[in-house]
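We count residues from 1, following the sequence as given. Each ligand, and each atom within it, is numbered from 1 in the order the structure gives.
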Amino acid sequence: MKTTIHGPILITGAAGQVGAVGRTVTGLLLERGLPVRALVRREDERAAALRAAGAEVVVGDLLEPADVYRVVLGCRRVYFGMSVSASYLEATVTMAAVAREVGVEALVNMSQMTVSQMNIQNTTPSPQQRQHWLSEQTLAWSGLPVVTIRPTVFLEGFFLPVTGPSVRDRGRIELPFGEGKTNPVAAADVARVIAAVLADPKPHLGRIYELTGPRSQDMNGVAREYSEALNREVTYADITSDDWARQLKKAGLPEYLTKHLVTMAELNRAGRYDRLADGVARVTGQPPISIREFVSHHADKFGGLQTTNTKI
Ligand SMILES: NC(=O)c1ccc[n+]([C@@H]2O[C@H](COP(=O)([O-])OP(=O)(O)OC[C@H]3O[C@@H](n4cnc5c(N)ncnc54)[C@H](OP(=O)(O)O)[C@@H]3O)[C@@H](O)[C@H]2O)c1
């Protein structure tokens with residue numbers, strides 16, 4: 001039975017930058033034949049591509065209440081997510097105020113899995129993780145019909161850009177994760193969950209979905225999956241947190257993002273990313289993709305697949 005939707009589904013952060021969840025969700029909803037209003041910050045080639053794919057593209061700033069009101073008006077379902085930013089909580093509260101005023105039937109909120117382990121006595125030093133925790137609190141108080149998405153670290157948004165160059169140049173994953181286990185999830189799987197929820201939100205209202213990949217393992221296990229995918233040896237080198245922070249600073253990352261990433265690495269080292277959750281399969285009916293499948297799919301970004309036979 002086809003669901004009737006009153007008005008388009010609003011997707012924020014639709015242009016995509018790091019994990020590009022909003023852009024992928026837009027594509028998935030359009031493929032289902034659902035109307036999408038895609039919020040971008042500026043008119044550029046990404047906005048043109050969204051328009052060409054069939055989305056109604058609107059330009060606005062999530063920190064400008066009047067912009068947010070203009071883009072939400074007429075929509076009953078909303079995906080709220082934007083890039084890691086010092087103003088994340090302000091954007092969330094603005095969206096909550098507007099969604100209450102307009103009256104939406106579902107607000108799907110991007111959060112982080114670290115929030116599952118946080119409470120008043122125990123937050124983390126990452127300003128972004130704290131803002132997600134506070135954002136979730138605020139949305140709970142708002143009384144809005146919220147669905148919370150808590151993914152662990154992304155393959156697209158973290159492992160690909162951070163480990164791609166060193167795997168390509170030196171056959172090494174260089175990260176300060178120690179012996180901690182981790183279980184990254186593909187942003188594409190996160191987007192599939194969000195699209196499924198937005199297509200039929202009612203059964204999901206009030207729920208929290210924790211999303212991980214299929215296997216929690218230490219970085220030597222992760223390196224083995226890279227090796228199998230690329231048909232050449234990839235090893236793990238445990239570097240110090242200070243060295244990594246210096247590298248991030250040298251690469252020109254903003255201090256806010258660096259602090260978030262360094263905290264994330266420290267939590268990984270402490271075993272706090274050793275998680276296995278079934279959210280992807282529960283919502284989509286399909287298992288999440290593995291690191292091996294992901295690296296194999298993006299082999300060119302990791303220096304390519306070795307086609308001659310080598311012992312790995
Ligand atoms: N990366 C990870 O490993 C990971 C893991 C778990 C959860 N998360 C969460 O996922 C979210 C990021 O998702 P993502 O990687 O899919 O996002 P993304 O692609 O990096 O960003 C989405 C878009 O947000 C837009 N944006 C930023 N500030 C805006 C503003 N003031 N008004 C309107 N648009 C704005 C950006 O526009 P421009 O491109 O034009 O700047 C960007 O295209 C964050 O909440 C993060 O905490 C990330």
Side-chain angles (χ1 to χ4, degrees), residues 10-27 37-50 57-68 70-72 78-95 98 108-116 124 126-136 139 148-163 175 182-191 193-195 209-213 253-254 256-257 259-261 263-265 267-268 273 275 277 279 294:
L10 177 67
I11 305 297
T12 69
Q17 202 179 55
V18 180
V21 171
R23 191 177 64 211
T24 312
V25 172
T26 300
R37 181 176 293 171
L39 173 66
V40 299
R41 257 212 284 209
R42 65 187 79 89
E43 282 291 354
D44 57 15
E45 68 284 355
R46 299 172 304 171
L50 288 164
V57 176
V58 289
V59 178
D61 184 344
L62 285 165
L63 295 167
E64 276 300 330
D67 282 7
V68 179
R70 170 173 52 80
V71 302
V72 173
V78 176
Y79 162 67
F80 174 72
M82 71 178 213
S83 30
V84 169
S85 152
S87 309
Y88 211 97
L89 179 60
E90 183 182 340
T92 310
V93 177
T94 305
M95 175 57 78
V98 170
V108 180
N109 177 45
M110 169 61 85
S111 187
Q112 287 200 0
M113 196 157 167
T114 345
V115 174
S116 301
T124 81
S126 156
Q128 181 70 16
Q129 289 170 350
R130 284 187 184 197
Q131 293 209 45
H132 277 301
W133 180 69
L134 288 167
S135 294
E136 284 198 23
L139 289 174
T148 307
I149 309 295
R150 288 185 187 162
T152 186
V153 57
F154 292 168
L155 285 166
E156 288 87 338
F158 181 82
F159 277 84
L160 195 151
V162 172
T163 70
L175 280 173
T182 195
N183 190 359
V185 65
D189 281 330
V190 175
V193 168
I194 294 167
Y209 291 113
E210 296 182 332
L211 310 179
T212 69
L253 259 64
Y256 179 88
L257 183 56
K259 192 154 186 209
H260 169 57
L261 291 175
T263 302
M264 206 259 278
L267 294 176
N268 250 294
Y273 278 70
R275 304 294 300 268
F294 179 82

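Under the rule for a side chain to side chain contact (heavy atoms under 4.5 Å, CB included), the partners of D67 that lie at least two apart in sequence or sit in another chain are D61, E64, R70. Every residue meeting the side chain to side chain contact (heavy atoms under 4.5 Å, CB included) condition with T148, not counting sequence neighbours, appears here in chain and number order: S111, E136, V146, R150, I208.
Residue L62 places at least one N or O, backbone or side chain, under 3.5 Å from an N or O of ligand 1. At a 3.5 angstrom cut-off on N or O pairs, G81 does not count as close to ligand 1. At least one N or O atom of A20 sits closer than 3.5 Å to an N or O atom of ligand 1. Ligand 1 has an N or O atom lying under 3.5 Å from an N or O atom of V21, backbone or side chain.
Atom CZ of residue R23 and atom CG of residue L50 lie 8.0 Å apart, to the nearest 0.5 angstrom. In this structure, the separation between OH on Y88 and CG on L134 is 13.0 Å, given to the nearest 0.5 Å.
Counting heavy atoms only, V18 comes closest to atom 18 (P) of ligand 1 of the residues D61, V18, V185. Comparing F158, Y88, F154, F159 against atom 4 (C) of ligand 1, the shortest heavy-atom distance belongs to F154.
Residue H132 touches ligand 1 through its side chain alone, judged by heavy-atom distances below 4.0 Å. At a heavy-atom cutoff of 4.0 Å, ligand 1 is contacted by the backbone of S111 but not by its side chain. For M113, no heavy-atom contact with ligand 1 is shorter than 4.0 Å.
Scanning the protein heavy atoms around atom 9 (C) of ligand 1, the nearest turns out to be M110 CG, 3.8 Å. R41 NE, 3.7 Å is the protein heavy atom nearest to atom 37 (O) of ligand 1. The protein heavy atom nearest to atom 23 (C) of ligand 1 is G13 CA, 3.4 Å. The single protein non-hydrogen atom nearest to atom 27 (C) of ligand 1 is S83 OG, 2.9 Å, given as residue, atom name and distance. Atom 5 (C) of ligand 1 has its closest protein heavy atom at T152 O, 3.3 Å. Of all protein heavy atoms, the one lying nearest to atom 12 (C) of ligand 1 is M82 O, 3.4 Å. The nearest heavy-atom contact from the protein to atom 15 (O) of ligand 1 is G19 N, 2.7 Å. The closest protein non-hydrogen atom to atom 43 (O) of ligand 1 is G16 N, 3.1 Å.
Of the candidates Q128, Q131, R130, L89 forms a side chain to side chain contact (heavy atoms under 4.5 Å, CB included) with just one, namely Q131.
You'll find the side chain of F294 reaches within 4.5 Å of the side chain of E156, heavy atoms only. Side-chain contact check for H132 versus T114: every heavy-atom pair is 4.5 Å or farther apart. Annotation: side chain of S126 is not in contact with side chain of M264 (no heavy-atom distance under 4.5 Å). Taking 4.5 Å as the limit, every side-chain heavy atom of F80 sits out of range of all side-chain heavy atoms of L139. Counting heavy atoms from C-beta outward, D189 and L211 have side chains that stay 4.5 Å or more apart. Side-chain contact check for R275 versus T212: some heavy-atom pair is nearer than 4.5 Å.
Residue P151 places a heavy atom under 4.0 Å from ligand 1. Using a 4.0 Å cutoff on heavy atoms, A14 does not count as a contact of ligand 1. Heavy atoms of R46 come nearer than 4.0 angstrom to ligand 1 in at least one pair.
Heavy-atom minimum distance, L62 versus V68: O-CG2, 3.6 Å.
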